[in-house]
Amino acid sequence: KLKVATIGGGSSYTPELVEGFIKRYDEFPVSELWLVDIEAGKEKLEIVGNLAKRMVKKAGLRIDVHLTLDRREALKDADFVTTQFRVGLLEARAKDERIPLKYGVLGQETNGPGGLFKGLRTIPVILDICRDMEELCPNAWLINFTNPAGMVTEAVLRYSSIKKVVGLCNVPIGMEMGIAKLLGVEHSRIRIDFAGLNHMVYGLDVFVDGESVKEKVFSLLTDANNTSFVKNIPGYGWEPQFLKALNALPCPYHMYYYKTKTMVDKTLESAEKEGTRAEVVQRLEKDLFELYKDENLNIKPPQLEKRGGAYYSDAAVRLITSIYNDKGDIQPVNTMNAGAIASIPYDSAVEVSCIITKDGPRPLTMGDLPVAVRGLVQQIKSFERVAAEAAVTGDYATALLAMCINPLTPSDTVGKEILDDMLEAHKEHLPQF
Ligand code: NAD
Ligand code: G6P
Ligand code: MN
């Protein structure tokens, strides 16, 4: 028996995950897939769960797909637990994105005030899941996809007894795929030395067949069309001399830090025109679930690629498969630093290229980050730590501190206004405050 439990199973990304399990069934013969959701997600779970069953049937595989609202039943004796839940659903995300914009501050779900509040809502739930895991499946691996993935991994490492946790993001794999395409080579020939934090990760070098092509890639990333990599962030291109001097490959989320004004203006503009990303995604999701209802559909529909989490299944299932088979290949994941990045605390979560073994990810030594990026990475790590502490304690002053030390918050006074506004708007999902 090989059992996987997926928390937030009603997500529209589930067909993506199921496709991943089907593709890699030879290497990872999962026999039970338990999709878990809550009362509010019951209808979605039903629809997407039935599609998952049809996909498995069409592939001719014997994977029993179970749909349940009973998390404990799903976790019992699981080998792998994957999480893809969203506390407060897209409605809460829309508030994360709208409220900061009123103050001229970036409205985004994983960066700035929005990222803080998504963390405050999510961390108590993940810690609750960890307590269930301790009791029901103490040997299972927790593969966390739930955002803010870096902060969530940090919180699990710091505040739970679950050590077998890996945080996962599709940005590094998206960058690998995107750069492979720009260079016209197969994905498998590309390797990037990733180091940093989730949504704050840099490529320190890029290799094709083991030879550095960093300079060439820098020159490609000055063109706006080449810098998007994920559907939810448009690309604006990098100043050639800036990139050369930085001497590291930024990820798409770095645009919020190195092009702050442009990104706030563009986010405001599109919020007025077509709605915030959450509102766009609400419409996308509605269309997707209409498609999923079709009894004749038994594959992952291509329309799902309009979501930012493309290649999520590839990233998640290649990771699970490598752990299960002790593959020893290199993958970028969120894990305990353990000295890999010299300028980040030993026991903090980092996003870094790792060798993936049965005993988990072994981070590759990256040494010190370039001096020009070190400070920002450390600042965001401090933000994640303070935010996680606020989520656990429910302490107002700690939450205010997290809000104000975030580089996207312009002042303590504006930070406090945003904090108070958001605490009120989200109070239903913040029982700790
Ligand atoms: P979604 O709004 O569809 O939510 C997924 C499901 O979670 C819903 O069906 C909902 O009912 C359920 N849920 C909410 N609270 C729950 C709880 N306490 N227990 C169990 N289930 C619960 O979200 P989505 O757009 O599919 O995204 C899911 C998650 O994945 C989000 O946290 C999102 O930020 C994250 N995500 C991460 C990445 C990454 O790179 N790591 C990429 C894309 C999405
Ligand atoms: C990717 C990120 C995720 C993010 C998602 C948003 O960029 O890696 O962490 O949450 O896309 O996608 P969406 O389609 O929900 O806006
Ligand atoms: Mn991500």
Side-chain angles (χ1 to χ4, degrees), residues 5-17 34-49 67-72 74-75 81-94 96-97 108-111 114-115 118-119 121-129 132 143-153 166-175 197-201 228-234 251-253 255 275-286 288-289 303-313 315-316 332-334 351 429:
T6 298
I7 302 185
S11 161
S12 57
Y13 285 114
T14 292
E16 175 79 38
L17 188 66
W34 288 71
L35 302 176
V36 192
D37 216 288
I38 51 171
E39 194 58 43
K42 196 174 167 186
E43 209 190 319
K44 282 171 62 184
L45 178 68
E46 205 57 39
I47 296 169
V48 78
L67 314 182
T68 182
L69 303 187
D70 183 348
R71 182 169 88 201
R72 291 177 61 84
L75 290 177
V81 177
T82 74
T83 56
Q84 50 178 39
F85 60 90
R86 185 189 297 282
V87 178
L89 299 161
L90 286 166
E91 216 178 295
R93 175 178 174 183
D96 285 342
E97 294 171 343
Q108 212 277 325
E109 68 162 337
T110 64
N111 288 258
K118 188 157 171 34
R121 297 193 300 276
T122 305
I123 288 168
V125 176
I126 196 89
L127 294 178
D128 215 29
I129 293 170
D132 279 355
I143 311 291
N144 176 66
F145 193 62
T146 300
N147 274 320
M151 195 195 294
V152 168
T153 309
V166 189
L168 197 61
C169 175
N170 65 317
V171 162
I173 195 175
M175 288 172 69
L197 309 178
N198 181 238
H199 293 188
M200 175 56 53
V201 76
S228 169
F229 299 127
V230 280
K231 284 275 163 26
N232 56 306
I233 310 177
C251 80
Y253 285 88
M255 282 186 250
T276 68
R277 180 69 189 164
E279 289 153 5
V280 171
V281 167
Q282 275 172 329
R283 297 195 293 271
L284 262 172
E285 187 182 77
K286 210 160 164 255
L288 279 171
F289 276 87
Q303 286 88 336
L304 188 50
E305 277 162 26
K306 292 189 188 153
R307 294 293 305 271
Y311 313 124
Y312 153 44
S313 70
V333 295
N334 289 267
E351 193 162 282
H429 299 292

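One-based numbering, in listed order, for ligands and for the atoms of each.
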How far is [atom] from its nearest protein heavy atom, and which residue and atom name does that atom have?
atom	answer
atom 22 (C) of ligand 1	Phe85 CB, 3.5 Å
atom 7 (O) of ligand 2	Asn232 OD1, 2.7 Å
atom 9 (O) of ligand 2	Asn147 ND2, 2.8 Å
atom 18 (N) of ligand 1	Val125 CG1, 3.7 Å
atom 1 (C) of ligand 2	Gly308 O, 3.3 Å
atom 10 (O) of ligand 2	Glu109 OE2, 2.7 Å
atom 3 (O) of ligand 1	Lys44 NZ, 2.8 Å
atom 11 (O) of ligand 1	Asp37 OD1, 2.5 Å
atom 43 (C) of ligand 1	Phe145 CE2, 3.5 Å
atom 40 (O) of ligand 1	Asn170 OD1, 2.9 Å
atom 8 (O) of ligand 2	Asn170 OD1, 2.5 Å
atom 19 (N) of ligand 1	Ile38 CG2, 3.5 Å
atom 24 (P) of ligand 1	Arg86 NH2, 3.6 Å
atom 16 (O) of ligand 2	Arg277 NE, 2.6 Å

Looking only at distances, please establish whether an N/O atom of ligand 1 is found under 3.5 Å from an N/O atom of [X].
X	answer
Asn147	yes
Tyr13	no
His199	no

Enumerated ligand 2 atoms positioned under 4.0 Å from heavy atoms of [X]:
X	result
Val281	13 (P), 14 (O), 15 (O), 16 (O)
Arg93	13 (P), 15 (O), 16 (O)
Val171	8 (O)
Tyr253	1 (C), 2 (C), 3 (C), 4 (C), 7 (O)
Gly309	11 (O)
Val230	7 (O)
Cys169	8 (O)

Shortest non-hydrogen contact between [X] and [Y], atoms and distance:
X	Y	result
Val281	Leu90	CG1-CD1, 3.8 Å
Pro332	Pro172	CG-CB, 3.4 Å
Val171	Cys251	CG1-CB, 4.0 Å

Please determine whether the number of non-hydrogen atoms from other residues, nucleotides or ligands lying under 6.0 Å from atom CD of Glu305 exceeds 12. no
Take Arg93 and Arg86 through the test side-chain contact (heavy atoms from CB on, under 4.5 Å) and record every step on the way to the result. CA-CA 9 Å; Arg93 175 178 174 183; Arg86 185 189 297 282; 3.4 Å; yes
The one among Glu39, Glu43, Arg71, Gln84 that brings a heavy atom closest to atom 28 (C) of ligand 1: Gln84
Could you tell me whether [X] approaches ligand 2 through its side chain, its backbone, both or neither, with non-hydrogen atoms closer than 4.0 Å?
X	result
Tyr312	neither
His199	side chain
Gln108	neither
Phe229	neither

Under 3.5 Å donor-acceptor, [X] side chain and [Y] backbone:
X	Y	answer
Asp37	Gly10	yes
Gln84	Tyr13	no
Asn198	Met151	no
Glu279	Thr276	yes
Thr82	Ile7	no

Identified salt bridge (charged side-chain N to carboxylate O under 4.0 Å, His left out) partner of Asp96 from the options Arg277, Lys118, Arg121: Arg121
[X] side chain near [Y] side chain, heavy-atom distance below 4.5 Å:
X	Y	value
Lys231	Arg307	no
Ile233	His199	no
Tyr253	Asn232	yes
Arg283	Lys286	no
Ser12	Val48	no
Asn147	Thr122	no
Leu69	Leu45	yes

Enumerate the atoms of ligand 1 whose separation from the nearest heavy atom of Thr146 is less than 4.0 angstrom. 32 (O)
Which atoms of ligand 1 are found less than 4.0 Å from any heavy atom of Arg307? 25 (O)
Does ligand 1 have a heavy atom under 4.0 Å from the side chain of [X], from its backbone, from both, or from neither?
X	answer
Lys118	side chain
Thr110	neither
Ile7	side chain

Consider ligand 1: state whether an atom of it lies below 4.0 angstrom from any non-hydrogen atom of [X].
X	result
Glu285	yes
Glu109	yes
Tyr312	no

Intermediate values then yes/no, salt bridge (Lys or Arg N to Asp or Glu O under 4.0 Å), Arg71 and Asp132: CA-CA 9 Å; Arg71 182 169 88 201; Asp132 279 355; 3.0 Å; yes
Is there a side-chain contact (heavy atoms from CB on, under 4.5 Å) between Phe85 and Ile126 once you walk through the steps? CA-CA 10 Å; Phe85 60 90; Ile126 196 89; 4.0 Å; yes
Going by distance alone, is a donor N or O of one side chain under 3.5 Å from an acceptor N or O of the other, for Glu16 and Ser11? no
Any idea which N/O/S atom from His199 gets closest to the Mn ion (ligand 3)? NE2
